[in-house]
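Proteins come first, then strands; the chains are lettered A, B, ... in the order of their sequence lines, and each starts at number 1.
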Amino acid sequence: MAETIAVIDFETTGMSPSQGARGTEIAAVLLRGGEVVGQYQSLMRSDVMVPPFIERLTGISNAMLRKAPPAEEVMREVSEFTRGCAMVAHNASFDRGFWLAEQARAACAPDPAHRFACTVLLSRRLLPDAPNHRLGTLASWLAIDKQGRAHRALADALTTAHLLRHLQQTVAERYAAELAGHTVSHALLAELQIATKTALARCVARHAQRLAANTDAT
DNA sequence: TGCCAGGCCCTCTTTAGGGCCTT
């Protein structure tokens, strides 16, 4: 069966857990074989106030969060929802930081499958002609249908999922010869996101050779 | 008073600095 990738997005009270910021909403979209096969979204309540700027940006208010389920309960649910999935986020260092911090608060057992790939890093390498690599700009530039209000978790996660699908298709078409029939897996994306731009084709070819060698060995 | 993140990329670089991207 094709691997399942979980595309996640956090809305938060600030830029970094190290500064005391907390998640206010999380969404996870499951992609399998390029199709959306599941989605999860929930507001999450913590004891941290939403600053006015963030409330205007996301539309998530302190009043909304007072009625939301506790962050710990939400993290346990979304951890179970994404169990066994490789992860993707737009600017993954940001979401990964909140993911780890909120998981730790909720005493969720770390899932070794939860390795992150980043659509910012990938789009910088694969879409160098884009005006910039903000999620909204890339969505407009690639004519990705609007998925709802930007800066809400599910809308941004769905947009990122469509962007990821476009990036996978780009790799599949541009490096069809190097791929030699192999699919564009999360593992390959993780290698491409840290490859130099001039080494992308060689990176794909090496990856395909390793897969072929492993297949031969089994 | 002004500043406060962090990981990555690019270049006028690597003994550094500035910009991008996320809320």
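With both ends at atom C1', the span from dG19(B) to dC12(B) equals 15 Å, rounded to whole Å. For the P atoms, the distance from dG18(B) to dC4(B) is 12 Å, rounded to whole Å. Annotation: dG7(B) and dT23(B) have their C1' atoms spaced 16 Å apart (nearest Å). The same atom, P, is picked in dG6(B) and in dG2(B); the two are 23 Å apart, to the nearest Å. Spacing of C1' atoms, dT13(B) relative to dC8(B), comes out at 15 Å, to the nearest Å.
In the set dT23(B), dT22(B), dG7(B), dG7(B) carries the atom at the smallest distance from any side-chain atom of Ser93(A). In this structure, of dG6(B), dC21(B), dT23(B), it is dT23(B) that holds the atom nearest to the side chain of Glu11(A). Out of dC4(B), dC21(B), dG6(B), the shortest distance to the side chain of Gln19(A) is found at dC4(B). For His90(A), the side-chain atoms get nearest to dC21(B) when compared with the rest of dC8(B), dA5(B), dC21(B). Closest to the Lys197(A) side chain, of the nucleotides dC10(B), dT23(B), dC21(B), is dC10(B). When each of dT23(B), dG6(B), dC21(B) is scored by its nearest atom to the side-chain atoms of Ser18(A), the top-ranked nucleotide is dG6(B).
Looking only at atom types and distance, the side chain of His90(A) has a donor-acceptor partner in the side chain of Thr119(A) under 3.5 Å away.
Judged by closest nucleotide on DNA chain B, Ser16(A) is the one of Thr58(A) and Ser16(A) placed further toward the 5' end.
Here Asp95(A) lies out of heavy-atom contact (under 4.0 Å) with every strand. Residue-level contact check: Thr13(A) touches neither bases nor backbone, having no heavy atom under 4.0 Å from any strand. Leu121(A) comes within 4.0 angstrom of the backbone, heavy atoms only, and of no base.
Checked for salt-bridge contact, Arg45(A) and Glu72(A) miss the test: no charged N lies under 4.0 Å from a carboxylate O. Glu73(A) and Arg76(A) are not joined by a salt bridge, as no carboxylate oxygen comes within less than 4.0 angstrom of a charged side-chain nitrogen. At a threshold of 4.0 Å, the pair Arg152(A)-Glu11(A) does not count as salt-bridged, since none of the basic side-chain nitrogens sits closer than that to a carboxylate oxygen. A salt bridge between Glu3(A) and Arg32(A) is absent, with no side-chain N of the basic residue lying under 4.0 Å from a carboxylate O of the acidic one.
What separates CZ of Arg134(A) from P of dT22(B) is a distance of 7 Å, to the nearest Å. Rounded to an integer number of Å, the gap from CG of Leu100(A) to C1' of dA5(B) is 15 Å. In this structure, the CZ atom of Phe98(A) is 14 Å from the C1' atom of dC21(B), given to the nearest Å. Here dC20(B) presents its P atom at 17 Å from CG of Leu135(A), a figure rounded to the nearest Å. The CD1 atom of Ile8(A) sits 14 Å away from the C1' atom of dT23(B) (whole-angstrom rounding). Distance, Ile54(A) CD1 to dT23(B) P: 9 Å, rounded to whole Å. Rounded to whole angstrom, the span from the CG atom of Leu57(A) across to the C1' atom of dT22(B) amounts to 10 Å. Rounded to whole Å, the distance from CD1 on Ile194(A) to C1' on dC8(B) is 12 Å.
Taking the six-membered ring where the residue is Trp, Phe10(A) and Phe98(A) present tilted rings, their angle falling between 30° and 60°. Using bins of under 30°, 30° to 60° and over 60° for the plane-to-plane angle, the ring pair Phe116(A)/Trp99(A) lands in the perpendicular bin.
Between Met44(A) and Ile26(A), the shortest heavy-atom distance links the atoms SD-CG2, 4.0 Å.
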All N/O contacts under 3.5 Å from nucleotides 17-19 of chain B to the protein, with atom names and distances to one decimal?
none

